[in-house]
Amino acid sequence: MKSPFAKKVTAQADRHLINEVAKRLDAPARRQFMKYSMSLGSLAMLTGCDTSSDEALDKMLTGISRFNDRVQWAIFNPDRLAPTYPDSMIKVPFPFNAYYDVDQVREVDGSTWKLEVSGLVADKRSWTLAELAALPQMAQTTRHICVEGWSAIGRWGGVPFRTFLEKIGADKTARYIGFKCADDYFTSIDMPTALHPQTIMALTFADHTLPADFGYPMKIRMPTKLGYKNPKHVMSMFVTNTNPGGYWEDQGYNWFGGS
Ligand SMILES: Nc1nc2c(c(=O)[nH]1)N[C@H]1C(S)=C(S)[C@@H](COP(=O)(O)O)O[C@H]1N2
Ligand SMILES: [Mo]
């Protein structure tokens, strides 16, 4: 996603989003909104034509992506549910994806694993797998969408993330939650998505222990976000007001990453 072409595709998606948002506004708000986004759009065209300045193009596209983050945050509906599907539609075998090949998958020892918790929370003690498994559980069959051009329906089960956040006394007015994984992956999400009723700390896939490939011992599963926002093999999490970025996000993927 680092290439200028990939970034142009992102900019096109942003134009699409701008039009989608405009459709939802009433007439005066739409005029104002379009005035603002059109000025961004004409800037895009001007800078886009100036191929001698990659730096300017880069800066402008990053600006649009930040704008896109703010728009997605603003229109995110905490009560709207992502579609769920019958279990007969679960994709077998489910696709694997990571920034490395499947033979490089990290083998995490679930018997010694402890989820570390830090930042703006009342209770910073770490959690064993058995402790998480003893909390209330839910499961849902949803579609995972990867920006690399595939999507697949899967079934993830585990602890509703909201339940966990309330249990540890997380500051629900904080803006972000960051995650660090057993590989070099990291990502972060907005608090409204963390509290969404379909966001889960997944411990199972298709009603069995989460396989290593899919993020054992725990992944954060959000059907309202694109694949790269769903961290596998989570080792630690922290609540913060400073945007922690992410592995792909820091290389040009849109940070909010809604789907
Ligand atoms: N720890 C970790 N989590 C990760 C990734 C990764 O490389 N490492 N890749 C992300 C991407 S881009 C996708 S599409 C999904 C793939 O999840 P799956 O292997 O369960 O299909 O994991 C996401 N979470
Ligand atoms: Mo992905």
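None of these values were measured; they are calculated from a predicted model. Computed over heavy atoms, backbone and side chain alike; hydrogens, waters and symmetry mates excluded. In listed order, ligands and their atoms are each counted from 1.
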W156 and F214: CA distance, side-chain angles, deciding distance, ring-ring contact (aromatic ring centres under 6.0 Å, His included) verdict: CA-CA 10 Å; W156 291 269; F214 304 141; 8.2 Å; no

Do any nitrogen or oxygen atoms of ligand 1 lie under 3.5 Å from a protein nitrogen or oxygen, and which ones?
| from | atom 1 | to | atom 2 | distance (Å) |
| --- | --- | --- | --- | --- |
| ligand 1 | 1 (N) | D183 | OD1 | 3.0 |
| ligand 1 | 1 (N) | D183 | OD2 | 3.0 |
| ligand 1 | 1 (N) | K232 | O | 3.0 |
| ligand 1 | 3 (N) | K232 | N | 3.0 |
| ligand 1 | 7 (O) | Y99 | N | 3.1 |
| ligand 1 | 8 (N) | D183 | OD2 | 2.8 |
| ligand 1 | 19 (O) | N97 | N | 2.9 |
| ligand 1 | 19 (O) | N97 | O | 3.3 |
| ligand 1 | 19 (O) | K232 | NZ | 2.6 |
| ligand 1 | 21 (O) | P95 | O | 2.7 |
| ligand 1 | 24 (N) | N230 | O | 2.8 |

Scan the side chains in residues 170-181 for donor-acceptor partners under 3.5 Å anywhere in the protein, sequence neighbours excluded, and list what turns up.
| from | atom 1 | to | atom 2 | distance (Å) |
| --- | --- | --- | --- | --- |
| D171 | OD1 | T173 | N | 2.8 |
| D171 | OD1 | T173 | OG1 | 2.6 |
| D171 | OD2 | T173 | OG1 | 3.4 |
| K172 | NZ | E166 | OE2 | 2.8 |

Going by the angle between their ring planes, with limits at 30° and 60°, are F186 and Y247 parallel, tilted or perpendicular?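 Ring orientation of F186 relative to Y247: perpendicular.
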
Using 30° and 60° as the class boundaries, would you call the ring planes of F164 and F161 parallel, tilted or perpendicular?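 F164 vs F161 ring planes: parallel.
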
Interatomic spacing from NZ in K232 to OH in Y185 - rounded to 0.5 Å: 9.0 Å

Determine whether N254 and W248 make a side-chain contact, defined as any pair of heavy atoms from C-beta on separated by less than 4.5 Å.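 Of all side-chain heavy-atom pairs linking W248 with N254, none is under 4.5 Å.
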
